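Scroll down for the structure; my scribbles are underneath it.
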Amino acid sequence: MRSQDDSEYLAGQVSEACARGEPLRIQGGGSKRFYAGSGEGRALSTLAHTGIVHYEPTELVLTARSGTPLAEIEAVLAESGQMLGFEPPHFGPGATWGGTVACGLSGPRRPWAGSVRDAVLGCRIVNGRGEMLAFGGQVMKNVAGFDVSRLMSGALGTLGLLLEISVKVLPKPECETTLCFECSFAEGRERMIRWGRSGLPVTGMAWDGRLYLRLAGPEQAVSAAARRIGGDVQEVAGAFWSGLREQTHGFFSTADDDLWRLSVPPAARLGELPGAWLIDWGGAQRWLRGAEADPSAVFATARSAGGHARLFRTENSAAVRLDPLPPPLAALHRRLKAAFDPAEILNRGLWQEAF
Amino acid sequence: MERRGAGRTEFLRELRSFLPEAAILSEPEDLKPFECDALSAYTVLPWLAVLPDTIEQVRMVLRLSHEHEVPVVARGAGTGLSGGASPVANGVLLSLAKFNRILEIDPANRIARVQPGVRNLAISEAAAPFGLYYAPDPSSQVACTIGGNVAENSGGVHCLKYGLTVHNVLQVTLLTIEGELLTLGSLGLDGPGYDLLAVANGSEGLLGVIVEVAVKLLPLPETARTLLAAFDSVEAAGEAVAGLIGAGLLPAGLEMMDNLTLRATEAFVHAGYPVEAAAVVLCESDGMAEQVEAEIAKARAVLATHGAAEVRESRDEAERRKFWAGRKAAFPAVGRIAADYYCIDGTIPRRRLAEVLGRIGELSDRYGLAVGNVFHAGDGNLHPLILYDASHPGELERAEALGEEILTLCVEVGGTVTGEHGVGIEKLNPMCIQFGVPELRQFYALKAAFDAKGLLNPGKAVPTLARCAEFGQVHVHGGRLRHPELERF
Ligand SMILES: Cc1cc2nc3c(=O)[nH]c(=O)nc-3n(C[C@H](O)[C@H](O)[C@H](O)COP(=O)(O)OP(=O)(O)OC[C@H]3O[C@@H](n4cnc5c(N)ncnc54)[C@H](O)[C@@H]3O)c2cc1C
């Protein structure tokens, strides 16, 4: 486990680039480039900026530098029986802490344990002027100043280079089990709605042609919940969920297809769209795979359900990936970008289609 | 700057063109109810007050104010404890009180869509027939509004397990000062673009006026049980709290009260608290019966190994409520034993609890003002209650000075000056301790992206550099000036 504070160097690089108006492409392990895209300009790597700066299991708080491997953080937490509640996807061995937060992607546990941004407590960043700034902190509750830390999550490094992020971590459940049912999506949807309102200790609900339910908690609670659900169940390995999270599940394997992500209310009934579906997050995250879907139709479908959509993976570099934001919101995004990065040097171009 | 009569007359005339007469208040006696929020030591009459009841009316109030460069202060129920909703003398007080309708309870999606003036508890009441509820439960929940909750990112006794307001709000519809309607977040679990929903939470009315909120509903827990553990020392109680978390428990509520607060609440509500104890820890588990059973057994064991002198377990719902009755009435109970009290809201890393409480005790002696401690132990959010008597000359000032020292201490140990009550006008000076110039500048830039003219809730939440410079002159932190680069006056 390496530990090195490269903050001064990184801030210096941004500050020089700012003075020259030269764009910088912030790079971690590159595992999520397919999702985020890659900005313009010279690469600036966070990989030498590593180490867990602070971890106190009884505080449920961990602080790490952005270049720290995600796998290392998870391993250290596991030693104390803890975990990242948001169960982040790695999408490759190189995944870093900074990339995880900048992309803001969460795994199957998200509806019950919260998202990346929900876990974020504080951060240190370098803004587009090359200034090192600290927001939030290492405490659970903090309403001093605007919540810039959570704003950084999912911003793809366009508002600041992440130096250090503190998050709330969770105890690992004592016991976990996954039940599986043969049923149509219509029936699966009904069951997910019912379970969602049941108060059972659920930490995963997905449908891929079969319906999966993960229960977690004290052993006696998990077995009691499984008994209550009853019916025609089979237990399956927990590996199902990591396949879902890492997209190594068979559904995701057709390389030529586009993969769309629709974020919608869990019980939403969506209009017809061509392609195959996989449902996660109890219905709130839906994956559509296919080559035929028309981007504007996918965007409109998600929007009319009260959600939004994004082309998540594609082989087509010219594809439309993002739905343009409504004009007043787009203008606000541009002003915000300018507020953090006036010379527009950080990961230039990453949100181009959106605002 | 006081506006001239002519400006006011002209402004009123324009307001009347789209607001009914009853929605406009301009006489001093009508403005009086808005002179402060629950931080009642500071009062000022607003220039005018309006009570619109449609989004279109709010939009027109904002446009008009923007055009005339008149400040606007949004107000929910006025239960804020930091002066966030206190009016400004040259600005419009915009009450959202008439926006009190629950627009939709969607049980299948577990979402409630409500207007901003809906009371926190009213959401849970409307959701209850569906077996659902809204989790964040500030002690003020019978009165405070969801708009105010979002603006303050309020917490409650159950937020260790269920999160703060920011974790339970899905979508906020906001009007900017220019009258533009923005939808932040979505009805799914995340929104497109930057996470502006996170920024709206806790923004204290500085970025926009919230006109609709969609919140997440949770299934009502099947059962809940509470442990009440008495300790001979505050240190041991603090260790026990860390022990519970270290053992892998995430209690639904984890609260602590010191001896002074215990005695005050016992005298007030007769909850049967062990008044000899140095501290009491309340630990609640909720959920499926079997889960509660297992968690309570584990928690009992941890409390015992940490030297609890006594552990009681609620046998039924009535007893559970009784355990909580004292905790929930702690503020008014302390209010009975002192003429006035001043509630502090710092948060610290939990492991520094014993040390911080010790130092608060020393400060209390030094200032000659008693301090009661009641707090959200699970997440380190302290609420020291400083007892004083405002009718004694100088005592309010002494209480405030003591409060500021306590907050400085919180920052020193790695915490924050406000965990859930917000900065408002009250904690502007402590903000100068917590943040440096570059961070403050970044806040100004963020604010300007939403409100370039600085008209929404001016003078709140984020101190000006000039104010910090002025404050820094009297306040030398750790032997070093916090803002040496600034001019002093
Ligand atoms: C006895 C008591 C107990 C309390 N307990 C708790 C507690 O346990 N936890 C906790 O967190 N707080 C607590 N509070 C503080 C307070 O109740 C909360 O801050 C609450 O969220 C304020 O809601 P409100 O509707 O009264 O808002 P107000 O006081 O009216 O306003 C608060 C802030 O929100 C802004 N605002 C209000 N409505 C809007 C809107 N529609 N759009 C934009 N901005 C708006 C105002 O400008 C102001 O800055 C307590 C207060 C009291 C008096």
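These figures come from a predicted structure and were not determined experimentally.
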Contact leader toward chain B among A:K172, A:K141, A:Q138, A:R189, where contacts are heavy-atom pairs under 4.5 Å: A:K141
Contacting moiety of B:R351, where chain A heavy atoms sit under 4.5 Å: both
Interchain contact, B:L244 with chain A, by part (heavy-atom threshold 4.5 Å): neither
Aromatic ring pairing B:Y194/A:F355, orientation class (parallel under 30°, perpendicular over 60°, tilted between): tilted
Minimal non-hydrogen separation, A:H308 against B:S186, with atom names: CD2-OG, 4.0 Å
Over all atoms of both residues, closest heavy-atom pair of B:V423 and A:G145: CG2-N, 4.4 Å
Atom group of A:A302 that falls short of 4.5 Å from chain B, counting heavy atoms: neither
Residue, of B:G191, B:A242, B:G185, that accumulates the most heavy atom pairs under 4.5 Å with chain A: B:G191
Per-residue contact mode, A:L325 against chain B (heavy atom under 4.5 angstrom): side chain
Part of B:L207 lying under 4.5 Å from any heavy atom of chain A: side chain
B:E290 with A:R228: basic N within carboxylate O range, under 4.0 Å: yes
Residue pair B:I245, A:L60: steps toward the side-chain contact (heavy atoms from CB on, under 4.5 Å) verdict: CA-CA 8 Å; B:I245 307 279; A:L60 297 177; 3.4 Å; yes
Among A:P218, A:G136, A:S106, A:G307, residue most engaged with chain B (heavy-atom pairs, under 4.5 Å): A:P218
Chain A contacts, top residue of B:S154, B:P221, B:G248 (heavy-atom pairs, under 4.5 Å): B:G248
Residue of the set B:L182, B:T176, B:T183 for which side-chain contact (heavy atoms from CB on, under 4.5 Å) holds with A:P328: B:L182
Per-residue contact mode, A:P326 against chain B (heavy atom under 4.5 angstrom): neither
Part of A:V148 within contact of chain B (heavy atom distance under 4.5 Å): side chain
Heavy-atom donor-acceptor pair, A:R110 side chain to B:L189 backbone, under 3.5 Å: yes
Heavy-atom pair count under 4.5 Å with chain A, highest-scoring of B:R110, B:K216, B:Q442: B:Q442
Atom group of A:L170 that falls short of 4.5 Å from chain B, counting heavy atoms: side chain
B:R350 side chain vs A:T58 backbone, donor-acceptor pair below 3.5 Å: yes
Contacting moiety of B:N109, where chain A heavy atoms sit under 4.5 Å: both
Chain B contacts, top residue of A:S263, A:A330, A:P265 (heavy-atom pairs, under 4.5 Å): A:P265
Per-residue contact mode, B:L218 against chain A (heavy atom under 4.5 angstrom): neither
A:Q352, CD: over 12 other non-hydrogen atoms inside 6.0 angstrom: no
Proximal component of A:Q285, with respect to chain B [non-hydrogen, under 4.5 Å]: neither
salt_bridge(B:D190, A:R261) N-O dist < 4.0 Å: yes
Interface moiety of B:H376 toward chain A, non-hydrogen atoms closer than 4.5 Å: side chain
Heavy-atom contact with chain A under 4.5 Å, split by part of B:E204: side chain
Most contacts with chain A, counted as non-hydrogen pairs under 4.5 angstrom, among B:V241, B:T416, B:L217, B:L181: B:T416
Closest contact, heavy atoms only, A:G196 versus B:P219: O-CG, 3.5 Å
Contact origin within B:Y444 toward chain A - heavy atom pairs under 4.5 Å: neither
Greatest number of heavy atom pairs closer than 4.5 Å to chain A - which of B:G193, B:G202, B:A461: B:G193
Nearest-0.5 Å distance that lies between atom CG in A:D147 and atom CG in B:L196: 11.5 Å
Chain B interface, residue from A:R150, A:E59, A:M140 that has the most non-hydrogen pairs under 4.5 Å: A:E59
Heavy-atom contact with chain A under 4.5 Å, split by part of B:E420: both
Heavy-atom proximity to chain A below 4.5 Å, by part of B:V462: side chain
Minimum heavy-atom distance A:A144-B:M431, with the two atoms named: CB-SD, 3.7 Å
Heavy-atom proximity to chain B below 4.5 Å, by part of A:A268: backbone
Residue B:P349 versus chain A: region with a heavy atom under 4.5 Å: both
Residue A:P111 versus chain B: region with a heavy atom under 4.5 Å: both
Residue, of A:Q82, A:R117, A:E56, A:R335, that accumulates the most heavy atom pairs under 4.5 Å with chain B: A:R117
Chain B contact via A:D118 - which portion, at a heavy-atom distance below 4.5 Å: both
Exam field: side chain B:T347 to backbone A:V139, donor-acceptor pair closer than 3.5 Å: no
Top of B:E293, B:K447, B:H167 for chain A proximity - count of heavy-atom pairs under 4.5 angstrom: B:H167
Engaged part of A:S153 at the chain B interface, taking heavy atoms whose separation is under 4.5 Å: backbone
Contacting region of A:M152 [heavy-atom separation from chain B under 4.5 Å]: neither
Residue part contacting chain B, namely of A:K168, when any heavy atom lies under 4.5 Å: side chain
Closest-packed option against chain B by number of heavy-atom pairs under 4.5 Å, given A:G199, A:P266, A:P171: A:P266
Nearest-0.5 Å distance that lies between atom CD in B:E439 and atom CD in A:E131: 8.5 Å
Sidechain-backbone polar pair: A:N142 side chain, B:G419 backbone, donor-acceptor under 3.5 Å: no
B:L446 vs A:L151, side-chain contact (heavy atoms from CB on, under 4.5 Å): CA-CA, chis, key distance, verdict: CA-CA 11 Å; B:L446 188 154; A:L151 175 62; 4.3 Å; yes
Part of A:A284 lying under 4.5 Å from any heavy atom of chain B: side chain
Residue part contacting chain A, namely of B:P430, when any heavy atom lies under 4.5 Å: neither
Under 4.5 Å from a heavy atom of chain A, the part of B:K427 involved: neither
Heavy-atom proximity to chain B below 4.5 Å, by part of A:R197: both
Closest non-hydrogen atom pair, A:L200 against B:M288: CD2-SD, 3.7 Å
Proximal component of B:L164, with respect to chain A [non-hydrogen, under 4.5 Å]: side chain
